[in-house]
Amino acid sequence: MGLEALVESMGQNILTTTLGKLIGWGRGNSVWPAQFGLACCAIEMIHTATASVDIARFGSEAMRASPRQSDMMIVSGRVSQKMAPILRTIYDQMPEPKWVISMGACASTGGVFNNYALLQGVDKIVPVDVYIPGCPPRPEDLLNALMILQERIKAQGITPRQ
Amino acid sequence: MIAENLIVDRGVSAGDDWITVAAESAHEALSSLKDEGYRLLVFLTCVDHLADSSREWPRRYELVYQLRNMDTLEQLRVRAFVDGDPPHVESVSDVFPPANWDERETYDMFGIVFENHPDLTRILMPDDWVGHPLRRDYPVGGEVVEFSEEHETWQTAPDKA
Amino acid sequence: MTDTDTTVIGQGVTVTKTGETGAFGGELLTVNFGPHHPSTHGVLRLIVDLDGEQVKRIKPVIGYLHTGIEKQAEALRWQQAVVVTDRHDYLSPPINNLAYALAVERLMGVDVPPRAKVLRVIMSELTRLSSHLVWMGTSGIELGAMTMLMYCFRERDTILDMNEEISGYRMHTSYIRPGGVMADATPRFLDMLDKFIGAMPGHVDEYEDLLTMNPIWRSRTMGIGRLPAEDAKVLGATGPMLRGSGVAWDLRKQMPYSGYEGYEFEVATSDLCDCYGRYLVRIKEMRESVKILRQALDRLPDGPVNVDDRKMLPPPREELETSMEAVIHHFKLFTEGYSVPPGDVYQAVESGRGENGCYVVSDGTHKPRRVKFRAASFVNLQPLERMAMNHMVADMVAIIGTADTVLGDVDR
């Protein structure tokens, strides 16, 4: 009697899992990006949100304007010297757990522009989880990166990265 | 007509008419050109002729004003050469309002001080930036790229820019 | 309460309080808009003095996307610098390429073959359409019309697919280069273009159905952001900002380039001088662009797409197997690059935003001495204060949208 009998009587309507997997599943399938469109990659990010590519299927349609309501920052575009402190401020304002996707060549490494005006890679000021090469990357590339990130989030379980 | 004594030199370059005026009389020349009908200042910028061996340059910095007459569709480029540390020239933002931000940008990038400008501060670089990036002796910056043939000239201030 | 004091609002920007008092005797509220803000079309920062909901003073702070494009172009060779021209006005890359390519060709004294001119016109008009579609989509969603975003970007996806077909890139094509174009149009491209020209007027009708007589759209854009014609001319505005105030100035008509004098199209103007007028201008421009595309497709001549000058463009690869001169030209072009005779030239083209120009100075070497981009958005942003004075905060969003500024263009 007891739990086993209950399970038998309920048949196939009970799933058992670990708490980590459940949380990972929940977090991974509803990653809300903070809008951080800077330059050309932002336009491709908008394409990702529109009908033909549709990031909403992956749970990321709600691109929050406020960083306090989001858990992922997609740095799409080139980060200039003036913009860098602001990027760090927005990153700091996001609550844990948070992830960063660096979209495009300029955000990942400085891109075409190896000069005084740009930060040569946003990973100099924030920790990045997924880098997407391309100038600009296709909208499907951003979806691919999101899927990679989702796998990582689901695998992390209860305690995300240190 | 713009007074002939203001024009130091004139010519045509790839189909564009240009005249050279003295930097001290640039404001007067541009005002009289505006009265003549060239009422649109298309852009204003500066060219740094450091180590430029293509011809004899009177001074290092060349201020370029592109004017256009929207009725007759004529264009005219006005040049003025300045030098100094920092170079000074009178602002034309009272004559041509679009020059306001153009002059701020030229100050930011080249260090040219425009006198009587309403708000001459840096516009593109952060306010506490040191140096004027588009000068030829300011290095391109960025990351050092090893084994590139431009490694030396890219990262150091080139004297043969 | 009328002594002035200065406030430092982060990032080293100082604003002096004017000491003005509001309508009910209170102080003006200084609010910071951006640079991270969903409705500013990029990283534009505005420091706004508000009297309740009314805007009393705006100070734009730009530079948050400054990329050093002009410095970068000085460090690259002439043929390499085309790549950075794509990226300043990132909604219309081929048009930027065109300004640069025409300028360099004028300095070199070469003229491209007729097929290249028509292909350039085709790419420019497709780009103008895609730029206006982005404008309409984002303006729509900022004012609440979410459907516009979906519809406009659907059409834009078709245009980007065509870009990809002809050049391999969706956005930054670097398709138009000094000496001609990157590659010839494939038959599939011409087919896609034909279908697109047939379908697009219907889509523009759809957009008009949604917006033109829509009472919400009209009340949010009519009477907002007035810029009288004289002010627009004095402040140097170009493009739909100027044409929306009734001035029929379009560089494709007044100072034609690349064969535009041979096409029949009208210049879209509106006497309303407000946001709604500019919207009508852009809709009309989209229709005229489709007309130009139809004419261009019909008259596309056969022939080479690049100028036949081995000192400027590399030889075809088959020739490298047989001809020594071809190998030498190829080597010279890909190591040192060609040199442009000394001189300077300014070439302006009409982009979706206005006059986008390229002032190129050559000192006779294989790298440019100075490349200055005359950015339409840089100048079109200056009337912002005049347009937004005494409007409500929510109207500011509409006004920034109507100026159609691309911050990459403003900051370069």
Side-chain angles (χ1 to χ4, degrees), chain B residues 11-16 18 39-55 57 62 64 66 68 70 73 75 77 79 96-102 104-105 108-109 119 121-129 133-136 138-142 149-150 153-154 158 161, chain C residues 11-14 59-68 70-72 74-76 103 105-109 231 233-238 247 249 254-255 335 341-348 355 357 359-365 367 369-370 372-375 378-379 381-383 410-412:
Chain B
V12 178
S13 168
D16 287 348
W18 57 264
R39 285 196 327 233
L40 176 64
L41 176 73
V42 182
F43 68 86
L44 124 63
T45 187
C46 175
V47 186
D48 184 352
H49 288 291
L50 183 70
D52 183 350
S53 51
S54 61
R55 62 170 246 223
W57 300 102
E62 175 189 342
V64 179
Q66 177 86 6
R68 184 183 295 155
M70 286 175 72
L73 302 177
Q75 297 205 84
R77 200 173 302 141
R79 311 165 186 276
F96 294 106
N100 191 326
W101 277 17
D102 271 328
R104 280 181 70 185
E105 187 191 335
D108 193 1
M109 294 284 121
D119 177 28
T121 50
R122 284 190 183 267
I123 191 171
L124 293 177
M125 301 307 296
D127 285 332
D128 49 1
W129 195 261
L134 273 175
R135 288 188 179 180
R136 285 301 263 206
Y138 190 96
V140 180
E149 63 186 18
E150 271 126 8
T153 53
W154 200 281
Chain C
Q11 312 293 312
V13 175
T14 325
K59 181 179 158 125
V61 182
I62 60 174
Y64 290 95
L65 202 58
H66 178 60
T67 321
E70 298 176 354
K71 186 83 178 176
Q72 192 73 36
E74 287 173 26
L76 296 170
E105 282 158 15
R106 275 172 65 186
L107 276 179
M108 294 280 280
D231 283 350
K233 284 202 266 196
V234 160
L235 290 168
T238 47
V247 181
W249 176 263
Q254 255 78 2
M255 303 166 67
T335 50
D344 60 333
V345 71
Y346 174 65
Q347 174 68 40
E355 174 172 343
Y359 172 63
V360 176
V361 179
S362 165
D363 52 3
T365 59
K367 290 187 183 173
R369 162 82 18 185
R370 173 99 171 91
K372 150 92 184 168
F373 297 104
R374 193 268 183 201
F378 190 68
V379 185
L381 200 55
Q382 293 182 49
V410 172
D411 291 337
R412 277 156 285 135

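A note on names: the letters A, B, ... follow the listed sequences, proteins ahead of strands, and every chain is numbered from 1. Below, each value reflects all heavy atoms present in this structure, side chains not excepted, and no hydrogens, waters or symmetry copies.
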Which heavy-atom pair separates [X] from [Y] by the least distance, and what is that distance?
| X | Y | answer |
| --- | --- | --- |
| B/L40 | C/G236 | CD1-CA, 3.7 Å |
| C/D344 | B/S13 | O-OG, 2.5 Å |
| C/R369 | B/D48 | NH1-O, 2.7 Å |
| B/W101 | C/I62 | CZ3-CD1, 3.9 Å |

Less than 4.5 Å apart, any side-chain heavy atom of [X] and any of [Y]?
| X | Y | result |
| --- | --- | --- |
| B/D108 | C/H66 | no |
| B/H49 | C/D363 | no |
| C/E74 | B/R136 | yes |

For C/F378 and B/F43, run ring-ring contact (aromatic ring centres under 6.0 Å, His included): C-alpha distance rounded to whole Å, both residues' side-chain angles, the deciding distance at 0.1 Å, then the answer. CA-CA 10 Å; C/F378 190 68; B/F43 68 86; over 10 Å; no

Contact leader toward chain C among [options], where contacts are heavy-atom pairs under 4.5 Å:
| options | value |
| --- | --- |
| B/D128, B/L41, B/V64 | B/V64 |
| B/R39, B/R122, B/R77 | B/R77 |
| B/M125, B/E105, B/M109 | B/E105 |

So, C/K71 side chain and B/R135 main chain: donor-acceptor pair closer than 3.5 Å or not? yes

In Å, rounded to the nearest 0.5 Å, how long is the span from CG of B/L73 to CH2 of C/W249? 5.0 Å

Test salt bridge (charged side-chain N to carboxylate O under 4.0 Å, His left out) applied to C/E355 and B/R68, step by step: CA-CA 12 Å; C/E355 174 172 343; B/R68 184 183 295 155; 2.7 Å; yes

If I measure from the heavy atoms of chain B, does [X] come under 4.5 Å with its side chain, its backbone, both, or neither?
| X | answer |
| --- | --- |
| C/V361 | side chain |
| C/V379 | side chain |
| C/A348 | side chain |

B/P133, part contacting chain C, at a heavy-atom distance under 4.5 Å: backbone

From the list C/E70, C/R370, C/K372, C/R374, side-chain hydrogen bond (donor to acceptor under 3.5 Å, both in side chains) with B/T45 holds only for C/R370

